[in-house]
Every structure is written in structure tokens, then in C-alpha cells.
Amino acid sequence: MEGAHAFQVYLRLRPPHVPQASPALEDPFLTVLPPSPTASDEDIEHGVKTQVTIHPPSHHRSQKIETFSFTEVLDESYGQADVFAKTVAPILTGVLKDGRDGMLATLGVTGSGKTHTILGSRQQRGMAQMSLDVMFRSLGDKITLLSEAQIAQCNDAEADILDCPAFMNKVTAVVEPHHIPKPNSAPTKPSVASHAVTCTSSSSTKYAILMSIYEVYNDKIFDLLAPSNAARRKALLFKSTRSSGDRKVVTGLRKVMVKDLYEGLQVLGVGQYQRSHGETGSNDKSSRSHCFISLELKKLKRSRLDHSSTSIKEATFTIVDLAGSERARNAKTAGDRLAEGGHINKSLMFLGQCLEISTQSTVGADGKHGGKIPYRQSKLTELLFTNSYNPATEPQIASIIVTADPAGDFNATSQMLKYSALAKSSVNPRPPMQVLNGSRNVSATSQISQISQGSGISGSTAIAMTSDDGVSNNGRPESAMAQDAAANMIAVLQQQLKQAEGRRLEMERKLAEANQRCLQIEREVREEVTGDMELQMQLMQRKMLNKLEEGVEREEEHLDRKLDMLKRTLLESNDENDRARDVEIEQYVRELEAENYALRTEVQSLKRKRVNGDSPLKERSLNRLKF
Ligand SMILES: Nc1ncnc2c1ncn2[C@@H]1O[C@H](COP(=O)(O)OP(=O)(O)OP(=O)(O)O)[C@@H](O)[C@H]1O
């Protein structure tokens, strides 16, 4: 246990809200770093990633690149079953086999996936349902209900302990049954059969499972299994009891004894229905309270000497779905919702302080925590650090899943990462000269500028690194931190290069598409223009032919009239002198008739051509159009 952190802190990244057709043009602010070169061989072999960096959007006033370390980073590819295997399965083994208390909590900005992780969706179940499944699978027919005497023996918190059918009767007297989610319609996937634990206890050992669900709303504790009118809800007391000594417990809770998964899901459904929800600008079904689901395991061992007496050993697994921190501007809340938001943010700020102390100092070999945790500031921290998870008393197993949306609110997410990460470091982009003049980080700076030059980054754009206070915050020598930060920076730059390459390819694809479209449009315009021109030409041609025909007809009439006149003159003339002139005139008449015949033939040929659609004029115009 020496040097171990009090909590395992996992960072879970949620997938994008809607699948993106093309990569976003704005860089995502969060980047998962490849497995650290200083990680164990096993972690490297399994590709375990533990660090992320965040770089502020270009318009942000600070351009500090920060690196955060976690127990493990569960990226967007991790489904509910993978998350269960990593975070919950080891805790449940401790609870079921060794009788140790355990806690799992989700923490994150509103809408980042806390409730999805704990309670799942219509398609996939969450950590709560899977935990119940594993518990019932592991204990099988060793599950029993507590007798009156046993209830009296272990009930020091004035709890209202009852079995599931009696509980459901009480609930349905107050709540319309169709409002409560039905276990039959709950998803059965993913399967967790492989995580069942083999308990090697004697056949006479039995187990009872008691469920209680409560919420911390506006710094008060309310029982979610005791439905009542919202106005008449009575806050529960959190106090020490006869047998709990200094340790405070929530008193007067309703606790339901469940004997199988169906009953467990029924109880969970009632709690889910009763929990305070509201619509905010950031999430249309936002949890407005911190919800505690407590699964108490009572191990009942009959005494060998006195069969009537039973020893009861208890272990509790608490699942906590915290409300999300939110910025009033983004949440667009007012009135009650705004006040709720204020309470949520205040309690999370206190939790942040406690976490910062507990994650960044370590627990010793005795399991005791090094730093003093200021948990008395709010009900939430008091419940979390004295009741659900108590690092001061005995080694326990606790995991926190920090959920984050890499495309979400930068400020809120970076704040969340700051107080939940196990370690952090930062890099300040500054001109190299400025830092080289500084006193403390000269060696670190020169190392990084060397690396920067090696990676092809020019001197003027090379990023120099300095830690905020010049002292490593996880006790490592500064030069090692500098090397880590330099390696991180290179990884970030490589990642950015990869993204830039992706964007270049995408732009090229879009350019090719645009060119193709241009060609298509040009073809369509050509066809349209050619069609119009043809129509215009046919009209012009028709007009010209009409004019020509009219001219020919006029000419014909004129010639006919002239011929008639000449013929008449010829018939009326008798003398000799006139005869010679008559021959001349006859000759002229024949010539005129031949000319008339030629003109008629031409008109006929033009008419034929018009019918066939051929036109020398049209041909000429079409040739001019070919551009
Ligand atoms: N890992 C994930 N995979 C698929 N969907 C997710 C994931 N995480 C979150 N979502 C979806 O995003 C939405 C918001 O998630 P959820 O309600 O769990 O957020 P939250 O952190 O609990 O928010 P709040 O603090 O406001 O209650 C839901 O519709 C949920 O199904």
C-alpha cells in the first residue's frame, strides 16, 4: 500500500453527441497521450493510457498546455462492460470475498455521462445494475432474508428494514405503478457473468443484501425509497449512534432486503423515479442532486457452539452519482434551478478541495491517509469521506470515474480535471529568449528546444516549458518532469500533425468534389445554351425563308405581269419592222421564263432544306458556339 493513492481515479471520455460527417475544423481541446515510456512493461503491452493534455481554444486568454495523469484513461471506445471490468469488478471482489467496504463515484461536468455510466440507458445497463447482477450471481442460493432478531442485532441506525414485496406495496400506495421503471423492460446487456466471484464460505454461511437509496439535495439528505409529497419530504439526520461511535450514519433510512436481481432492479427503479431531475440548457434530464445507492452485504455466520446465535459481518458497496458542475450561463437556469446549481457547485468545490488533498498525497502502509481532509464543510463531503469511504479508518477500495466530454465546455472540464487528476504539469508557450533569460528552467528549456528542433519545429515557434512553481507536484525531480513534459509536448505535436494531415486530406477530397461539381454545372449550362441557340436559329431561319418566299412570289407576279404585257404587244404588231423586234422580245421572254424557272427551283430546294432542318446559317452559328 506504500505510496498508493487513496483513490483509483479513472478518466472516462464520452463519445461525440452526434456522429460527425467530417472532422471538426476546430481542434478538440483534449488529447489522450500514448502510453508513457516510463510505464510498466505490462501497461505498455496492454496499451494502458494514463495521461491527457488539454490545450485551450485559440481565443482563450491563457494558452497554457496542461497534462493530467489518472489511474487510467478510458477513451471513447470503452463501452459499459469495459468500464465495469476496469473500475467496479475489483471493488466487488473485495466486498464479496474480503468483506471490505467499497465505493464508486462518478464526477464530471453536467452532461458528460455520469448517470449514463451508473444507470446506463435503454440499450445498455449501467454499473449499478451490473453490480447487482454480479452480487446475486456470486452468492446464488446463499442469499437469505434477515430474521426479526437479526434485524434488531444489526440495525443501529433506526432504519425501516423490510422485504421487497412489503416495500413495493408501500410504494404503490403512494406512486402510480406505471411511473416506476419495470425490471422486465430493463436492458440485460452487457453480460457480466464472467465477473461472478466464488465465495468459499461454509454452506451454513448465508448472506443478506440490503438496498438503500438517498440523495443530497441542497445540502440535505432525503430518502428516495420513502416516496412522499415533495413539500412534505423530511430531511434525514446524519449523526453518530450508540454503536457507530464517532462515525456518523444516516439515520431513519428505509432499507429493502432483496433476494434476487429482479427485486434489486425494482428497488433501483423506485429510487430512479424519485430522484430530483430537471431540464437545464446543458442536459435535458439533468441530475439536480447527488445520489447514493448503497448495497449492504450482511454475512451471517452461525456460531458453532450456539446454533441460535449468529455473527453478522457487514460490508457496504456505495455507488455515488454526483450532480454535475455547471456554469449558470451555459445551463441557462433561473429561480429554483439556479439555486440548486449554486448548491451543487458549492458542494463540488468542497469535494474538489478534499479530493485534491486525498489524491495528491498518498496512504501509508497502515492504510492511513497522509493529509488532513477538510470534509466537514458540506453534507456531501462528510458522507463521502466518513460514511461511504473512510480513508482514516481502514484500507478500503474506492474508485472515481471522472467523466469528460472532449468537445464540451473547456473551462468547466479543465477545472474538473485540475482537482481530480492524480498528478498534473503544465507547459507555457513562450518565446524561447524570454525563458532562456529566466533563472530556474534554463536546462529544461534548452532540452525542449533541442527536442523541438529535432522534430522540425523552427526556433521562433519552439515552445519552452516551465512548471508553474518550478517544483514538481508529485515529488519527482524537475529534470524528469521536464523530460516527461517534453515527451508529452512531442506527442501533442505529433497528434496535432496527424489531425492537420487528416484535415488536409479532407480539404483535398472536398476540392475534388467541388471541381467535379463545376464540370457538371458547365456541362449543364452548355447543353442549356446550345438548346436556346438552336431554337433562336430555327426562328430566324423561318423568318428569313418567309421573307425569301414573299420576295420570290412578288418577283413571279411582276414577271408574269411583264410577260403578259409583252405577249399582248406582240399580237397587236403587224409590220415587218416590228417582226425583228418580236424575235428579240420572244428571246427576252424565254430568258425571263428560264430565270423564273431557276428561281422557283431554288425556292423549292430552300423549302426542302427547311423541312429537313439543315441550314448553312445554323451550321455557321453552331461552329461559333463551340468554346
Ligand atoms: N459514454 C456514453 N455513451 C453514450 N451516450 C452517452 C455517454 N455518456 C453520456 N451519454 C449520453 O449523454 C447524455 C447526457 O449524459 P448523462 O445524463 O449521463 O450526463 P450527466 O453527466 O449525468 O449530466 P448531469 O450532471 O446533468 O446529470 C445522455 O443522453 C446519455 O445517454
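Here the structure is a predicted model, which means the values were calculated and not measured. What you see below is based on every heavy atom in this structure, not just the backbone, and it leaves out hydrogens, waters and symmetry mates. All ligand and atom numbering here is 1-based and tracks the order in the structure.
- Residue contacts with ligand 1: Ser121 is placed with no nitrogen or oxygen under 3.5 Å of a nitrogen or oxygen of the ligand (distance criterion only).
- The part of Val109 lying near ligand 1 is the backbone, judged by heavy-atom distances below 4.0 Å.
- Residue contacts with ligand 1 for Glu76 are absent, since no atom lies close enough (heavy atoms, distance under 4.0 Å).
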Inset, instruction - Evaluate side chain to side chain donor-acceptor pair (under 3.5 Å) for Asp321 paired with Thr115, printing each intermediate quantity in order. - result: CA-CA 6 Å; Asp321 179 15; Thr115 307; 2.9 Å; yes
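- The shortest N or O to N or O distance between Lys114 and ligand 1 is under 3.5 Å.
- Taking any N or O of Leu322, backbone or side chain, none lies under 3.5 Å from an N or O belonging to ligand 1.
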Indicate every side-chain donor-acceptor pair of residues 126-137 with a distance under 3.5 Å to a residue at least two apart or in another chain.
unit_1: Gln129; atom_1: OE1; unit_2: Gly126; atom_2: N; d: 3.1
unit_1: Gln129; atom_1: NE2; unit_2: Leu119; atom_2: O; d: 2.9
unit_1: Ser131; atom_1: OG; unit_2: Met127; atom_2: O; d: 2.6
unit_1: Asp133; atom_1: OD1; unit_2: Arg137; atom_2: NE; d: 2.9
unit_1: Asp133; atom_1: OD2; unit_2: Arg125; atom_2: NH1; d: 3.1
unit_1: Asp133; atom_1: OD2; unit_2: Arg125; atom_2: NH2; d: 2.6

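- Among residue pairs with one or both ends in residues 83-92, those qualifying as salt bridge (Lys or Arg N to Asp or Glu O under 4.0 Å) are Glu72-Lys86; sequence neighbours excluded.
- Around atom 11 (C) of ligand 1, the closest heavy atom drawn from Arg12, His290, Arg14 belongs to Arg14.
- Using a 4.0 Å cut-off between charged nitrogen and carboxylate oxygen, Glu76 and Arg14 do not count as a salt-bridge pair.
- Remark: ligand 1 and Ala323 share no N or O pair separated by less than 3.5 Å (distance only, no angle test).
- Residue-to-ligand polar distances keep Thr403 apart from ligand 1: every N/O pair is separated by 3.5 Å or more.
- The pair Lys498-Glu501 does not meet the salt-bridge criterion, since no charged nitrogen lies less than 4.0 angstrom from a carboxylate oxygen.
- With a 4.0 Å heavy-atom cut-off, ligand 1 is reached by the backbone of Ser112 and by its side chain too.
- Taking the six-membered ring where the residue is Trp, the centroids of His55 and Phe29 are separated by 6.0 Å or more.
- Considering both main-chain and side-chain atoms, Thr117 never comes within under 3.5 Å of ligand 1 through any nitrogen or oxygen pair.
- A salt bridge between Lys379 and Asp219 is absent, with no side-chain N of the basic residue lying under 4.0 Å from a carboxylate O of the acidic one.
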